[in-house]
There are 2 protein chains.
Amino acid sequence: MNTAANTKRPPEPERRETQAERFERIYKVIRERISVLEYGPGTVLNEGLLSEEFDVSRTPIRSVLQRLNYEGLVTTRNGIGTIVTEVDVKTFKDIYALRMRLAEDLGVLSPILPTREMIDKLDDLLARARKLREGPPDYKAYARLCNAVHEQQLELTENKILAEINDLLYYRAARIWLAFLPNIDWEEAMKILENEIADTARALEMGDMQGVGNVRRQHLYIILKTIGRYLVGV
Amino acid sequence: MNTAANTKRPPEPERRETQAERFERIYKVIRERISVLEYGPGTVLNEGLLSEEFDVSRTPIRSVLQRLNYEGLVTTRNGIGTIVTEVDVKTFKDIYALRMRLAEDLGVLSPILPTREMIDKLDDLLARARKLREGPPDYKAYARLCNAVHEQQLELTENKILAEINDLLYYRAARIWLAFLPNIDWEEAMKILENEIADTARALEMGDMQGVGNVRRQHLYIILKTIGRYLVGV
DNA sequence: TACGAGCTACCTGTATATAGCTAAAGTCGC
DNA sequence: GCGACTTTAGCTATATACAGGTAGCTCGTA
């Protein structure tokens, strides 16, 4: 496991970090590593090493790992360690089926009024995606881009509960798509992502929130079908 | 806070309870107390007292309370205690809006094949409801009946993720309906519940899973409207 | 009399030694 | 050589003393 120094305490802050802030910082770092497959399914995380890396005792690390456990990203085994979860085919399908339904809800439950700023952010993400396509496959950068698109999409509804559930399900299963990516053409993968970003931005420009939800749903459907065709073909 | 002796270690079991089983037992007890308003919104729970009640140290109690914290049922304040959450009107509305959507999904995403056993269970619940209506208002019994109906409804889908999310949202907000109940006629409250159980059983008998989902949705809509009319009328 | 500082009691957050669990390695008997 | 049993090393789960945070009370001062 990497022990990047940048995750240690930040330089002497003007105000000391609260417990809740520290928790959130560590939680976000570990969750991110899982989501970009830095900790792939089956990886064994170790409380002791993490406590050293983040310069805290085991106790707050345990709190973070417990939360990730409740969220289905890891499972903790006494005497063994904390293992990043695999996601079996049925669970993956269940999650994506529900995510497709929830994607539609984004355009229905308390949708926001689109702003220029939001559309600009999507344009930035699209430029990022195009630049990524020109280079060799970079799956980690792809994952980070997907995370950024996802975070942007959470802003699309004022129903905070809907956003929360979307977030939960995203981090539980999207990494499986990422692990699958090397099985398909890089250009194809990038096209799928670019289309989603571009179509979302276009729907936002038109103020068509239901269209936004439908774009998201279509994207998830494509992922499900792509993986499904591969599994059937094998 | 009650210190009912029946929550202490069960009589000498043939096999010692595992850590996971004990966690689940304590978690379920506390969540149940919150859901039937034994710990109403604003109640301050105390790690030390709970550890005495359940005959464990503070550590496993902390784990349970942390989970309830992540699930939105309590919020923990350093130096104060663990407070059972209020649910503000917007959040309640957001949750119920999403629950109504998810109720429809019950009839769409991997619905089960109805069994005689399941219908029998609903008939039992209906008989229980009718008996309850004949007596004086008993809000705790009502809550327990709602919990039982809810647990039964989780069995209606084979999409485990959908069930999980339904469960999460149920426990987060249904207690608010319970707290509201004294503001309406007991007969009316019981009628709403009885109608839901009876209509669900009827739809199951006809094998109409979409109908089941629609019953549930209608029930949630009635709750939302009843509370809304009361708030507007005040 | 009102306000601010300090103190007290009590709470949660943390560190850490110990208890309990697990898998792998080692040993012994057949 | 193989299987059963024991030991070892290393992991998480726990208990508990201490650290840190909070609210309420008391006292001194303006």
Side-chain angles (χ1 to χ4, degrees), chain A residues 1 3 7-9 12-27 29-30 34 39 42-86, chain B residues 1 3 7-9 12-30 34 39 42-85:
Chain A
M1 275 180 279
T3 52
T7 55
K8 291 205 181 257
R9 287 202 182 137
E12 201 60 37
E14 296 169 352
R15 177 188 60 95
R16 201 175 63 165
E17 185 178 42
T18 68
Q19 172 270 328
E21 287 165 346
R22 193 188 58 186
F23 176 95
E24 201 68 21
R25 171 169 59 87
I26 298 173
Y27 166 76
V29 168
I30 298 179
I34 292 171
Y39 299 154
T43 305
V44 183
L45 310 184
N46 177 297
E47 292 175 4
L49 292 176
L50 288 170
S51 72
E52 286 171 20
E53 179 189 341
F54 290 101
D55 196 27
V56 291
S57 79
R58 283 174 51 217
T59 313
I61 294 293
R62 291 179 58 74
S63 293
V64 169
L65 293 182
Q66 276 181 10
R67 180 168 177 187
L68 291 169
N69 189 49
Y70 303 142
E71 293 177 346
L73 270 63
V74 301
T75 185
T76 299
R77 289 282 146 76
N78 194 350
I80 302 180
T82 297
I83 304 137
V84 177
T85 46
E86 316 269 0
Chain B
M1 276 180 279
T3 54
T7 56
K8 292 205 183 252
R9 285 197 185 143
E12 201 58 38
E14 296 170 349
R15 175 187 61 96
R16 200 174 62 164
E17 186 178 38
T18 67
Q19 171 271 329
E21 287 165 346
R22 192 188 59 186
F23 176 95
E24 202 68 21
R25 171 170 58 89
I26 297 174
Y27 167 75
K28 285 279 177 62
V29 168
I30 297 179
I34 292 171
Y39 298 154
T43 305
V44 183
L45 310 185
N46 178 297
E47 291 175 4
L49 292 177
L50 287 170
S51 72
E52 285 170 20
E53 179 189 340
F54 290 100
D55 197 27
V56 291
S57 78
R58 283 174 52 215
T59 312
I61 295 291
R62 292 179 57 77
S63 293
V64 169
L65 293 181
Q66 276 180 10
R67 180 169 175 186
L68 291 168
N69 189 48
Y70 303 142
E71 293 178 346
L73 270 64
V74 301
T75 184
T76 300
R77 289 282 144 75
N78 193 350
I80 302 179
T82 296
I83 304 136
V84 178
T85 47

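Below, chain A is the first sequence line, B the second, and so on; all start at residue 1.
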Q) Mind checking whether V56(B) and R22(B) have side chains closer than 4.5 Å, heavy atoms only? A) yes

Interatomic distance where [atom1] belongs to [X] and [atom2] belongs to [N] [whole Å]:
X	N	atom1	atom2	value
R22(B)	dA19(C)	CZ	P	16 Å
F54(A)	dT14(C)	CZ	P	15 Å
L50(A)	dC11(D)	CG	P	12 Å
E21(A)	dG13(C)	CD	P	15 Å
I83(B)	dT12(C)	CD1	C1'	11 Å
E47(A)	dG20(C)	CD	C1'	14 Å
Q19(B)	dC21(C)	CD	C1'	11 Å
R58(A)	dC11(D)	CZ	C1'	9 Å

**Q.** Non-neighbouring partners of E86(A) that pass salt bridge (charged side-chain N to carboxylate O under 4.0 Å, His left out), sequence neighbours left out
**A.** none

Q | Which residues share a salt bridge (charged side-chain N to carboxylate O under 4.0 Å, His left out) with E47(B), sequence neighbours left out | A |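 Salt bridge (charged side-chain N to carboxylate O under 4.0 Å, His left out) list for E47(B), sorted by chain: R58(B), R62(B).
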
What's touching nucleotides 5-8 of chain C from the protein side, N or O pairs under 3.5 Å?
none

Q. In Å and rounded to the nearest 0.5 Å, what is the CD to CD1 distance from E53(A) to I26(A)?
A. 9.0 Å

Q.
Can you list, in residue-number order, the parts of residues 59-70 of chain B that come under 4.0 Å of DNA chain C, counting heavy atoms only?
A.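 Residues of residues 59-70 of chain B under 4.0 Å from DNA chain C: R62(B).
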
Q. Got a sec, which residues hit ring pair (Phe, Tyr, Trp, His ring centres under 6.0 Å) with Y70(A), two or more places apart in sequence or on another chain?
A.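 Partners of Y70(A) under the ring pair (Phe, Tyr, Trp, His ring centres under 6.0 Å) test: Y70(B).
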
Q: List for me each residue that meets side chain to side chain donor-acceptor pair (under 3.5 Å) alongside S51(B), sequence neighbours excluded, and say none if there are none.
A: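 With sequence neighbours excluded, S51(B) shows a side chain to side chain donor-acceptor pair (under 3.5 Å) to no residue whatsoever.
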
Q.
Among dT16(D), dT14(D), dT12(D), which nucleotide has an atom closest to any side-chain atom of N46(A)?
A.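 Selected nucleotide (nearest to the side chain): dT12(D).
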
Go through the structure and list residues passing side chain to side chain contact (heavy atoms under 4.5 Å, CB included) with [X], not counting sequence neighbours.
X	value
T59(B)	S57(B)
E24(B)	Y27(B), K28(B), R67(B)
I80(A)	R77(A), I83(A)
E21(B)	R15(B), E17(B), T18(B)

Q) Nucleotide by nucleotide, 5' to 3', does protein get under 4.0 Å of the base (B), only the sugar-phosphate (S), or neither (-) in nucleotides 20-25 of chain D, counting heavy atoms? A) BBSS--

Q) Just by distance, do the side chain of T43(A) and the backbone of V84(A) share a donor-acceptor pair under 3.5 Å? A) no

